[in-house]
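One structure below.
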Amino acid sequence: MGARNHVAATGDAMIGAWTVGEQTTEELLAGLPIPAPVIGAHPGVYSPSVDSALLCRAVLGELDRRRLDGRAETTVLELCAGSGIASICAALVGATVTAVDDTAEALAAIDGNATANGVAVTGLLTDVRALPASVTADVVIANPPYIPAPPTASAGHAWDAGDDGRDVLDAIIDALPARVRPGGGVLLVQSDVCGVDQTVHRLDLVGFSAAIVDEVPLAFGPVMASRAEWLEQHGFIAPGQRTERLVVTRAVRDAEV
Ligand SMILES: C[S@@+](CC[C@H](N)C(=O)[O-])C[C@H]1O[C@@H](n2cnc3c(N)ncnc32)[C@H](O)[C@@H]1O
């Protein structure tokens with residue numbers, strides 16, 4: 001979540017112009033196997049960025065694999081859905097999709113963006129820690145907040161994730177056994193700054209085998225740059241480090257490896 005071009009004082013205006021190497025978010029989205037969904041501007045909602053584009057790419061690949069395996073009917077659950085762009089990608093290729101976020105602004109955006117793209121996505125307003133028991137899916141995906149936040153950080157609900165960057169990610173991983181249907185899979189996007197090994201280990205603890213399936217290097221943007229010294233002092237990055245890797249981890253239940 002590094003190369004943000006700007007962050008509004010209220011923390012709600014999020015970018016679409018990060019770069020991955022030479023690639024912008026728009027270029028990544030243009031490289032998807034389907035036309036990228038049209039996403040409107042929704043104040044207070046995370047605008048599709050590089051990490052969003054990685055999740056779109058990952059879920060489209062996963063759904064294509066399932067289709068080739070003869071599993072055409074797929075349900076997708078997106079946690080921390082924001083604008084709903086990854087959910088809409090999944091719906092555009094035929095999945096039945098539920099998109100969860102804990103802000104009313106995101107739910108309104110998901111609804112509006114799904115309609116604008118001619119698909120149905122069921123929105124669910126809840127914290128990922130309070131999902132109803134009935135919410136399960138074949139494929140669970142998430143690009144959650146994952147930036148370690150100093151105690152003095154002003155609220156960045158879409159990206160700040162506690163003092164280790166893992167508050168939401170770990171809550172999602174812990175919920176997976178009850179959410180992923182037999183034969184299903186998981187796709188998680190995060191920065192390596194908050195620990196990819198920790199993600200793989202925690203997935204293992206809850207009975208899932210995981211592997212990194214996509215990653216891109218990214219220069220720090222303003223949020224990461226503004227707290228780089230704090231990140232150095234707390235061991236999240238090496239002295240002088242000003243880049244991160246965005247990583248997509250795919251997981252399946254151990255018994256299904
Ligand atoms: C980094 S944004 C990602 C949005 C979208 N998935 C994307 O890739 O563009 C994270 C989203 O998680 C939501 N969120 C943060 N904490 C949450 C929680 N505990 N439960 C549900 N949603 C949460 C935020 O409102 C925000 O929309």
Side-chain angles (χ1 to χ4, degrees), residues 1-4 7 10-18 20 25-26 28-29 32 36-60 76-91 97-114 121 123-132 135 139-149 153 155-162 165-175 179 187-191 193-194 214 216 218 221 223-224 244 246-248:
M1 213 167 284
R4 291 194 185 101
V7 176
T10 56
D12 68 0
M14 292 292 301
I15 19 16
W18 300 358
V20 176
T25 302
E26 289 72 21
L28 282 170
L29 291 173
L32 295 177
V38 176
I39 300 297
H42 298 273
V45 179
Y46 188 82
S47 294
S49 300
V50 167
D51 49 2
S52 321
L54 289 181
L55 189 60
C56 293
R57 181 154 86 183
V59 73
L60 289 169
V76 171
L77 171 63
E78 181 176 12
L79 303 176
C80 300
S83 67
I85 185 170
S87 289
I88 293 167
C89 282
V97 187
T98 300
V100 168
D101 204 283
D102 68 348
T103 74
E105 291 85 355
L107 265 291
I110 291 163
D111 196 39
N113 287 324
V121 171
L124 186 57
L125 178 63
T126 178
D127 191 299
V128 295
R129 302 172 187 88
L131 292 167
V135 176
V139 178
V140 177
I141 66 173
N143 171 25
Y146 51 67
I147 297 188
H157 181 70
W159 55 86
D160 284 342
R166 300 197 58 88
D167 276 7
V168 187
L169 192 52
D170 284 345
I172 288 172
I173 292 171
D174 293 347
R179 303 297 157 202
L187 297 164
L188 300 174
V189 178
Q190 68 173 100
S191 167
V193 163
C194 72
D214 201 359
V216 293
L218 195 66
V223 173
M224 292 291 281
E244 61 184 320
L246 295 186
V247 171
V248 182

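Being a predicted model, the structure only gives us computed values, none of them experimental. All ligand and atom numbering here is 1-based and tracks the order in the structure.
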Heavy-atom nearest pair, V59 first then A86, reads CG1-O, 4.0 Å
I'd like to check the side chain to side chain contact (heavy atoms under 4.5 Å, CB included) partners of A109; sequence neighbours left out, ordered by chain and number. H42, V45, N113
To the nearest 0.5 Å, what is the distance between CD1 on I85 and CG on L32? 7.5 Å
Taking the side chain from E78 and the backbone from S87, do they hold a donor-acceptor pair closer than 3.5 Å? yes
Under 3.5 Å, N or O to N or O, is V128 touching ligand 1 that way? yes
If the cut-off is 4.0 Å to any non-hydrogen atom of A81, which atoms of ligand 1 fall inside it? 4 (C), 5 (C), 6 (N)
Which is it for R129 and ligand 1 at heavy atoms under 4.0 Å: side chain, backbone, both or neither? side chain
May I ask you to identify, for S52, whether its side chain, its backbone, both or neither come under 4.0 Å of ligand 1 on a heavy-atom basis? both
Nearest-0.5 Å distance, CD of residue E244 to SG of residue C194: 9.5 Å
Distance-only donor-acceptor check, side chains Y146 and D51, under 3.5 Å: yes
Please indicate whether any nitrogen or oxygen in S83 is less than 3.5 Å from any nitrogen or oxygen in ligand 1. no
So which bit of V100 gets within less than 4.0 Å of ligand 1, heavy atoms only: side chain, backbone, both or neither? neither
Check whether any side-chain N or O of R166 sits under 3.5 Å from a backbone N or O of A161 as a donor-acceptor pair, and report yes or no. no
I110 CD1 to T103 OG1 distance, which is reported to the nearest 0.5 Å: 7.5 Å
Check ligand 1 against T126 and write out every atom of the ligand that is under 4.0 Å from a heavy-atom position of the residue. 20 (N), 21 (C)
If you count the atoms of ligand 1 from 1 in the order shown, which ones are under 4.0 Å from a heavy atom of N143? 1 (C), 2 (S), 3 (C), 7 (C), 8 (O), 10 (C)
With a cut-off of 4.0 Å, which atoms of ligand 1 are near a heavy atom of P145? 10 (C), 12 (O), 15 (C), 16 (N)
Distance filter under 4.0 Å to E78 heavy atoms, resulting ligand 1 atoms: 6 (N)
T103 heavy atoms within 4.0 Å reach ligand 1 at atoms 25 (O)
What do we get for D102 next to ligand 1 when only non-hydrogen atoms under 4.0 Å count, side chain, backbone, both or neither? both
Has ligand 1 got any nitrogen or oxygen that is less than 3.5 angstrom from a nitrogen or oxygen of D51? no
Would A158 count as a polar contact of ligand 1, with the cut-off being nitrogen or oxygen pairs under 3.5 Å? no
Residues two or more places apart in sequence or in another chain: which of them pass side-chain hydrogen bond (donor to acceptor under 3.5 Å, both in side chains) with D127? R129
